[in-house]
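The structure under discussion appears below in the form of structure tokens.
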Amino acid sequence: MASETSSEMQGERAPATTPTVSSNGHAGAPDGVGKKGKLHGRAFYESIGSPKIVLAPMVEQSEFVRISPLHRGAPAWLTVCSQAWRVLTRSFLPPSEQASLLAYTPMFHSKMFAEMPKYRDSHFQPLTTAIPSPVDPYHISQLPESDRHLDGNPKHDRPLFVQFCSNDPSDLFKAAQHVAPFCDAVDLNLGCPQGIAKRGNYGAFLQEDWGLIASMIGRLHKELDVPVTAKMRILETKEKTLEYAKTILEAGASIITVHGRRREQKGHNTGLAEWSVIRYLRQNLPNDTVIFANGNILQHEDIGKCLHETGADGVMSAEGNLYDPTIFAEPPPVGEEGREYWRGRDGKGGFRMDAVMRRYMDIIHKYALGQEPPERKPLFLPGDPEEPVGAPDEEEADDGPAKKKMKQSKADRKQLQIKNPNLSAMQAHLFHLLRPLVSQHHNVRDALAGCRVANIDAFENVLKLVEAAVKEGLIEYEKEHANEPSYTAPESDDVVQNGTNGHIEDGPIDPYESSLATVARCKRPWWVCQPYVRPLPKEAFEKGSMQLSKKEKMRLEQEKLESKSEDVEQKETAVVG
């Protein structure tokens with residue numbers, strides 16, 4: 001997946017404000033319209049390495065909904081695509097390809113970001129000190145490397161787009177000014193379908209006000225130092241979706257991300273994204289329009305399928321990455337799995353949960369806490385020498401945090417919680433990552449549920465429990481399959497392999513008919529990272545987990561009445577004839 005220009009992205013990349021004005025042919029964005037010297041459209045996209053893999057902003061998982069007074073009562077499990085999680089996701093790519101992954105921040109509220117320093121400082125931390133206000137881009141550009149901190153750090157967090165929700169051009173511009181020196185672009189969220197977005201009049205609920213959308217994008221295009229992009233959902237028809245996309249592009253958006261679901265497709269009604277609509281946009285917008293596709297990305301091989309079927313420039317993963325941060329990584333060749341990747345006798349495989357959590361904890365230590373991770377023994381593999389009974393690490397891995405290791409005071413943890421969004425996101429990230437495992441091992445679930453923000457010893461204890469559980473699973477698997485031959489890669493060029501695990505698929509499946517086929521394709525042992533497959537809406541209806549709204553029931557009743565009326569008319573006509 002590495003971009004041809006990824007080598008240009010190592011070290012100091014060419015900034016988006018290279019003194020060149022693009023001529024990309026988009027209607028409404030001719031030369032000279034945007035801020036002078038700012039790259040636009042495909043020229044900008046190429047300047048950041050033309051990334052084809054994109055880590056989503058996790059809009060529906062953004063941390064701010066948990067702490068904003070505007071959104072009291074939001075579910076406590078909502079999480080954030082923290083800087084540590086972005087580093088974790090990139091870490092599974094080869095070093096030469098890590099900068100070819102474009103990542104977004106979580107969605108920030110523009111008004112709060114612009115007006116509340118505490119909100120800014122607790123959500124976006126590009127410097128070791130608070131972001132200066134007003135922002136002086138020249139002063140920031142002269143700061144020494146030692147003043148760079150987490151978000152947008154050129155060493156490990158670029159390219160990066162910062163996303164805002166907004167319904168006011170002035171608020172959006174003021175907020176964008178604070179982040180422009182630390183990112184490659186600012187993105188306007190037009191896709192959030194949740195009730196909080198409806199009450200706040202932002203996200204997908206701006207679809208009825210194209211003029212407001214154009215004014216917000218236009219303001220940033222004309223006055224901001226970095227390009228503006230937008231993430232949208234499809235509308236009720238592909239023709240209307242095309243006009244909507246044109247409005248966004250003509251206002252000055254350099255890139256559009258198209259989520260192939262409509263606004264009402266959420267929760268049990270999520271259903272499947274319509275790649276055909278994204279393909280329609282690709283075919284009917286100017287050739288140099290940069291489009292990212294979003295939706296239906298459950299496993300690594302889905303990325304290539306999506307690129308092929310939509311014609312998009314890049315593919316964004318949201319929920320798929322949340323459950324499996326290794327989703328963008330190629331699997332190792334057969335026989336070169338090492339200790340982090342597991343491949344079964346049938347060829348199906350994936351990265352082990354203990355390996356991924358260990359990487360995540362090491363990143364938390366290094367980047368969030370600024371300290372060296374603890375020394376760790378190699379991960380267990382079947383065939384390793386037996387450890388003596390009562391080994392120290394086994395004794396410490398009980399069902400709760402070890403009291404003797406809790407050295408941080410409550411005041412220290414509270415201070416870390418306030419200052420570091422990476423720490424407040426840990427529990428939710430791990431519940432998503434470990435979902436299949438905690439359903440089998442309730443002691444891990446309970447220990448994780450008992451973790452408190454910034455109590456790193458408690459999370460380290462959960463890691464020990466996870467490692468012990470995975471070891472148990474691997475030993476049990478080897479016993480059950482002891483007489484089966486190990487998987488070997490097929491030699492025939494005619495065999496189509498699954499890009500995620502080297503497994504040969506049994507044949508074509510129709511995901512529109514049943515989620516069971518998707519589950520069969522994606523299912524792995526509980527100790528392996530894997531996606532969460534939602535039931536299709538019709539299956540949710542059958543199980544009773546989703547019910548029709550009054551409006552939908554009335555519509556269906558009306559359709560039945562009209563259908564009966566037509567049948568009667570046809571019978572009467574037939575009798576007369």
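Sequence positions, counted from 1, serve as the residue numbers for this chain. For the numbers below, each heavy atom of this structure counts, side chains included, while hydrogens, waters and symmetry mates do not.
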Donor-acceptor contact present, side-chain [X] to main-chain [Y], <3.5 Å:
X    : Y    : result
E309 : C306 : no
K38  : H221 : yes
H432 : L322 : no
N167 : N201 : yes
Y119 : H109 : yes
E274 : R261 : no
D187 : A230 : yes
R120 : A114 : yes
S122 : K118 : yes
R233 : P193 : no

Problem set entry | Whether F108 and H123 hold their rings parallel, tilted or perpendicular, with breakpoints at 30° and 60° |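 Correct class here is perpendicular.
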Assess the side chains of [X] and [Y]: does a donor N or O sit below 3.5 Å from an acceptor N or O?
X    : Y    : result
T310 : R279 : no
Q83  : D157 : no
N321 : W85  : yes
T326 : D324 : yes
N294 : T257 : no

If you define the side chain from C-beta out and look only at heavy atoms, does anything of [X] sit under 4.5 Å from [Y]?
X    : Y    : answer
T229 : V186 : no
L369 : N422 : no
L143 : H139 : yes
I140 : V135 : yes
V356 : L88  : yes
S110 : D168 : no
M107 : Y202 : yes
S317 : F328 : yes

Problem set entry | Separation of L150 CG from L127 CG (nearest 0.5 Å) |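 Going from CG on L127 over to CG on L150, the span is 10.5 Å.
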For this session: To the nearest 0.5 angstrom, please state how far the CZ atom of F173 sits from the CE atom of M216.
Result: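 F173 CZ to M216 CE: 14.5 Å, rounded to 0.5 Å.
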For this session: State, to 0.1 Å, how close A293 and I278 come at their nearest heavy-atom pair, and which atoms those are.
Result: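 Reported closest heavy-atom pair: CB-CD1, 3.8 Å.
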Exercise. How far apart are the closest heavy atoms of F292 and P51, and which atoms are they?
Worked result: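 Taking F292 first and P51 second, the nearest heavy atoms are CE2-O, 4.2 Å.
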Exercise. With E223, which residues qualify under side-chain hydrogen bond (donor to acceptor under 3.5 Å, both in side chains), at least two apart?
Worked result: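 Testing E223 for side-chain hydrogen bond (donor to acceptor under 3.5 Å, both in side chains), a comparison that skips the adjacent residues, returns R219.
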With [X] via side-chain contact (heavy atoms from CB on, under 4.5 Å) - residues at least two apart:
X    : result
D313 : R42, Y45, R282, V290, I291
H149 : Q125, T128
A180 : L224, V226

For this session: Look at D225 together with K35 and state whether they make a salt bridge at an N to O cut-off of under 4.0 Å.
Result: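 Answer for the salt bridge query: yes.
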Problem set entry | Salt bridge flag under 4.0 Å for residues E115 and K174 |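 Between K174 and E115 there is no salt bridge, as every charged N stays at least 4.0 Å from the carboxylate O atoms.
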Problem set entry | Pairs flagged by side chain to side chain donor-acceptor pair (under 3.5 Å) wherever residues 235-244 is involved - sequence neighbours left out |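 Every side chain to side chain donor-acceptor pair (under 3.5 Å) pair that includes a residue of residues 235-244, provided the two are not neighbours, is E236-K240.
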Donor-acceptor contacts under 3.5 Å from residues 205-214 side chains, at least two apart:
from, atom 1, to, atom 2, distance (Å)
E208, OE1, R263, NH1, 3.1
E208, OE2, R263, NH1, 3.3
E208, OE2, R263, NH2, 3.1
D209, OD1, L212, N, 3.1
W210, NE1, Q207, O, 2.5

Exercise. Of D184, D151, N153, which is the lone residue that meets side chain to side chain donor-acceptor pair (under 3.5 Å) with R158?
Worked result: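 Running side chain to side chain donor-acceptor pair (under 3.5 Å) over D184, D151, N153 with R158 returns exactly one hit, D184.
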Exercise. Aromatic ring centroids of F92 and F351 under 6.0 Å?
Worked result: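 Aromatic pair counts; centres sit under 6.0 Å.
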For this session: For this output row, return yes or no: ring centroids of H178 and F124 closer than 6.0 angstrom.
Result: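 No: the rings miss the under 6.0 Å criterion.
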